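For reference, the structure discussed in these notes is given below.
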Amino acid sequence: MSNITISLPDGSSRELPEDSTVLDLAASIGSGLRKAAVAGAIDGREVDLGTPLHDGAQVAIITNDTDAGRHVLRHSTAHVLAQAVTLLFPGAKFTIGPAIENGFYYDFELPDGKTFSEEDLEAIEAKMREIVKENQPFVRSEHSMAEAKEIFADQPYKVEIIERVESAQEGGGAADAEDAGEVAGDGKISAYRNTDQFVDMCVGPHVPSTGKLGFFKLQRVSGAYWRGNEKGPMLQRIYGTAWESKQALNDHLHQLEEALKRDHRKLAVEQDLLSFPSELGGGLAVWHPKGAIIRKLMEDYSRFRHEQGGYEFVYTPHLADSGLFETSGHLSWYAEGMYPPMEMDNGTYYPKPMNCPMHCLIYGSRQRSYRELPLRLFELGTVYRYERAGTLHGLMRIRGFTQDDSHIYCTKEQLAEEIAALLDFVLSVLRAFGFDEFTFNLSTKDPEKYVGSDEIWDEATEALREALDAHGLEYAVKEGDAAFYGPKIDIDVRDAIGRSWQLSTIQADFQLPERFDLEYVGADNNRHRPIMLHRALMGSIERFFGVLVEHYAGAFPTWLAPVQVRVLPVAEAHGAYADEVVAQLRAAGARVDAAAADDGLGKRIRTAKMDKLPYVLVVGDDDMAAKTVGVNPRGGDVERDVPLDEFIARFTSEVADAASVAFGS
RNA sequence: GCCCAGAUAGCUCAGUCGGUAGAGCAACGCAUUCGUAAUGCGUAGGUCGUGGGUUCGAUUCCCACUCUGGGCUCCA
């Protein structure tokens, strides 16, 4: 029996007996690797561990602690879920069940339109644990289309997938991505069988047996449309998470708990920031004083930066005649996302869903010269969008919100420079709020849905691309993701616990200048069409505020904290001195209050800590005598006998430093 | 809009197999005047989300609506 030679990713090679499998290879390298292996890759193609190796193959072992390995675990766990459901709910049809970020889901259709309840999850999870305990093998097989249809004869959704793949292949086209995930590429349908009763169509790879799984948890049930089509049948989806170890699973669950603790909706109530009274209607918020002061600081900051940045401030009303939105095209493109019209004696009015049409009116109000460009109009403009009831989500998805909105009118020649300057501007504003990790997405033309000439699209896309390159920024290109009127750059930030939020956007627009017939007189004394940029930094102030609450976990930095300092007299006798401290701090510009000695000192400190105040000052006999304070900073150690003057100096310089970072002075 | 779940005191929640409800915290009062994360005692507070239906009687069962949560779809 001859040996075969295998090369490994590190460049080394290894000899193994003929007929060796990926698993044999892993075992030959070490028992730890054998245990951690969940799949392999032969010449770049992912395969099961049981796959035999050929001479000269490039082989990598996929271990369970890598993204690829977890993907295999999760996908395999999804199969176990499907089997458990078919056992517990006879007649259930299963559809697709992919691995997703952090977990997996599987979509089912239950007989007689039955639905899953939360309680069902427990029973299903228990059944899954039995399946894991039985250590059922995942046995791969490949079938012709006809055989496959036979095997899945009682699974109409599977048959539908097979038929779609079949017709796509007959038509010479490739199967779409969704279907490609379910079948092998070479015209064969592959399937993985766990038991006589349960087999699922799948490209794989899978773990060798269900015993390799076990660190999972089912999380929730929901509805989901078949193939994401609103008109299609509503299926029942079960979500779960799965990991390579108890530790990794627990870490993930802790992370979810942490996110829950930071939930801006919870913190907004606890800290009395804002509320969503049901009397107002869904998706509409009222700002309480503590939330409002933070918002005011954010808005002041935004105005300051825009003033510095060469923007001109404008104000526009909340309503406009329907004619304006016909001109802008909003009524034909987005009518279903607008608030319903108000009929009035002299016409039909709509709440504005965007500020741009009104800014275009300002631009068009008189003749413009090239000398005025770029013209940057800025407004904290409140808009109303009819978000569908089921999509509302705290401040993150809301029906009335305020954009830090600007429309920049410039010449084609100015575009690249303007975008480059915008990128600097955006990033420096976001940094002021404690964000320092960004992701950039460049969205390009959707060939099915766009206006404007190919030439101008190419030019604008190139301008965006150049600006990103010139800043040395890495970005993902999202082909076809642009709005119909022009390409755009979207900027995501990463928050304190690693979540990503899409905040800023810079969008080119060739459509509105056309529709509003906007012009400028050039140096050549001819009329030209300007290009327009839409851009928002925070995006929606409300949403940005929500993201900040979660980013800071409610502990706002000193410059933003609604109450920056609280003074606690040790006993009633120190009340007058406490008032004096308050007065001096207030005179120095601090937002400060005092808590009288009606409650114990410990109690008042606890309350202040729960309120996440940046500074608690305790004043007693010693302090009164020496004009000092005891300083208890958030997240730091207590410091006694600090001269009041010194604390005030420290405090004001801290806030000034934050402001100088923030305000760029 | 669609699927599922939910709505009880300001907050967090318990409870009523149909006979109009209870705790902790918060609030208020009294006592305590205290040096760094909960002092004690007491008082008040709820048409049990809204509207209909069934019933002698509904917070409880049924229906509709509103709002909320998790998803799907959508997101200019």
Side-chain angles (χ1 to χ4, degrees), chain A residues 105 107 110 113-121 219-239 260 263 265-266 269-270 272 275-284 325 328-338 353-357 383 385-394 396-398 403 449 482-486 488 502 505 507 509 511-512 534 540 543 568-575 596-611 616-623 629-633 637-641:
Chain A
Y105 68 79
D107 285 349
L110 298 183
K114 269 195 295 207
T115 57
F116 291 121
S117 66
E118 301 283 338
E119 296 84 69
D120 291 332
L121 283 190
Q219 293 169 299
R220 50 183 165 264
V221 300
S222 76
Y225 297 110
W226 169 235
R227 291 189 183 282
N229 174 5
E230 231 181 320
K231 308 247 161 25
M234 175 61 74
L235 304 172
Q236 291 286 303
R237 175 170 299 180
I238 295 179
Y239 282 94
L260 218 58
D263 192 313
R265 293 163 302 189
K266 184 175 138 77
V269 174
E270 283 175 9
D272 197 16
S275 57
F276 295 90
S278 58
E279 295 89 334
L280 255 189
L284 298 168
F325 299 118
S328 70
H330 286 99
L331 274 175
S332 50
W333 289 90
Y334 307 112
E336 78 292 346
M338 290 169 65
M354 289 183 86
N355 303 302
C356 41
V383 298
R385 296 181 183 178
Y386 179 72
E387 302 287 358
R388 299 211 273 176
T391 65
L392 299 174
H393 180 89
M396 303 305 183
R397 194 79 181 268
I398 195 171
Q403 296 176 307
K449 190 183 166 193
F484 70 92
Y485 51 69
K488 62 171 177 176
Q502 208 252 96
T505 186
Q507 313 187 347
D509 188 344
Q511 163 88 344
L512 280 186
H534 304 245
S540 146
R543 183 176 133 90
L568 310 183
V570 171
E572 216 167 281
H574 314 118
D598 297 331
D599 281 316
L601 181 63
K603 169 70 166 293
R604 285 175 288 150
I605 288 174
R606 179 168 194 271
T607 305
K609 293 293 176 188
M610 307 264 280
D611 288 346
V616 176
L617 301 186
V618 175
V619 295
D621 286 333
D622 303 345
D623 298 297
V629 293
V631 179
N632 185 337
D637 295 328
V638 172
E639 194 182 350
R640 287 285 302 269
D641 305 320

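Order of the sequence lines fixes the chain letters, A, B, ..., with proteins taken first and strands second; residue numbering starts at 1 for each chain. None of the values given here were measured: they were computed from a predicted structure.
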### Task
Any chance you could measure A/K114, atom NZ, to A/Q236, atom CD, to the nearest 0.5 Å?
11.5 Å
### Spacing of the P atoms in B/rG29 and B/rU68 (rounded, Å)
35 Å
### Query
For A/E639, which residues count as a side chain to side chain donor-acceptor pair (under 3.5 Å) partner, sequence neighbours excluded?
A/R650
Short N/O separations, protein against nucleotides 59-65 of chain B, under 3.5 angstrom:
none

#### Entry: Residue list, ring-ring contact (aromatic ring centres under 6.0 Å, His included) with A/Y105, at least two apart or on another chain
A/Y239
### Query
Tell me, for nucleotides 68-76 of chain B in 5' to 3' order, what letter each nucleotide earns: B for a base near a protein heavy atom under 4.0 Å, S for only sugar-phosphate near one, - for neither?
SSBBBBBBB
### Query
Between the main-chain N or O of A/H393 and the side-chain N or O of A/R265, is there a donor-acceptor pair closer than 3.5 Å?
no
### Task
Find the distance A/L235:CG to B/rC4:P and express it as a whole number of Å.
13 Å
### Query
What closest approach, in Å, do A/D120 and A/T115 show between heavy atoms, and which atom pair accounts for it?
OD2-O, 4.0 Å
### Message
For A/K603, give me all partners under side chain to side chain donor-acceptor pair (under 3.5 Å), at least two apart in sequence or on another chain.
### Response
none
### Message
Taking B/rC2 as the reference, what is the distance to B/rG45 when you measure between their C1' atoms (whole Å, please)?
### Response
40 Å
### Integer angstrom distance from the C1' of B/rG69 to that of B/rU60
23 Å
### Interatomic distance at P, B/rA26 relative to B/rG10, whole Å
16 Å
### Task
With sequence neighbours left out, write down each residue that passes side chain to side chain donor-acceptor pair (under 3.5 Å) with A/Q403, or none if nothing qualifies.
A/N355
### Listed partners of A/E230 passing salt bridge (charged side-chain N to carboxylate O under 4.0 Å, His left out), at least two apart
A/R388
### Query
If the P atom of B/rU33 is compared with that of B/rA21, how far apart are they to the nearest Å?
41 Å
#### Entry: Nucleotide B/rA26, atom C1' - distance to CG of A/D272 in whole Å
12 Å
## Note on the structure
5'-most contact on RNA chain B (nearest-nucleotide basis), A/E572 vs A/V269, goes to A/V269
### Protein proximity profile, nucleotides 36-51 of chain B - base contact B, sugar-phosphate-only contact S, no contact -, cut-off 4.0 Å on heavy atoms
BBBB------------
### Task
Between B/rC4 and B/rU73, how far apart are the C1' atoms? Round to whole Å, please.
16 Å
### Task
Using the test salt bridge (charged side-chain N to carboxylate O under 4.0 Å, His left out), find all partners of A/D641 that sit at least two apart in sequence or belong to another chain.
none
## Note on the structure
What one should report as the nearest heavy-atom pair of A/R397 and A/T391 is CG-O, 3.1 Å
### Summary
Hits for ring-ring contact (aromatic ring centres under 6.0 Å, His included) against A/F484, two or more places apart or cross-chain, chain-then-number order -> A/W333
### Task
Starting at CE of A/M338, measure out to NE2 of A/H330 and round the result to the nearest 0.5 Å.
7.5 Å
#### Entry: Separation between the P atoms of B/rU54 and B/rC62, rounded to whole Å
16 Å
### Query
Which pair of heavy atoms, one from A/F276 and one from A/L284, lies closest together, and at what distance?
CD2-O, 3.4 Å
### Summary
Here the distance between atom C1' of B/rC4 and atom CG of A/D107, to the nearest Å, is 14 Å
### Summary
Applying the Watson-Crick and G-U criteria (both distances under 3.5 angstrom) with [ ] for crossing and | for other-strand pairs, one obtains for RNA chain B (((((((..((((.....[..)))).(((((.......))))).....(((((..]....))))))))))))....
## Note on the structure
By side chain to side chain donor-acceptor pair (under 3.5 Å), A/Q502 pairs with (sequence neighbours left out) none
### Query
How is A/Q236 classified with respect to the nucleic acid when contacts are heavy atoms under 4.0 Å: base, sugar-phosphate, or nothing?
sugar-phosphate
### Query
Which whole number of Å gives the distance between the C1' atom of B/rA44 and that of B/rG57?
30 Å
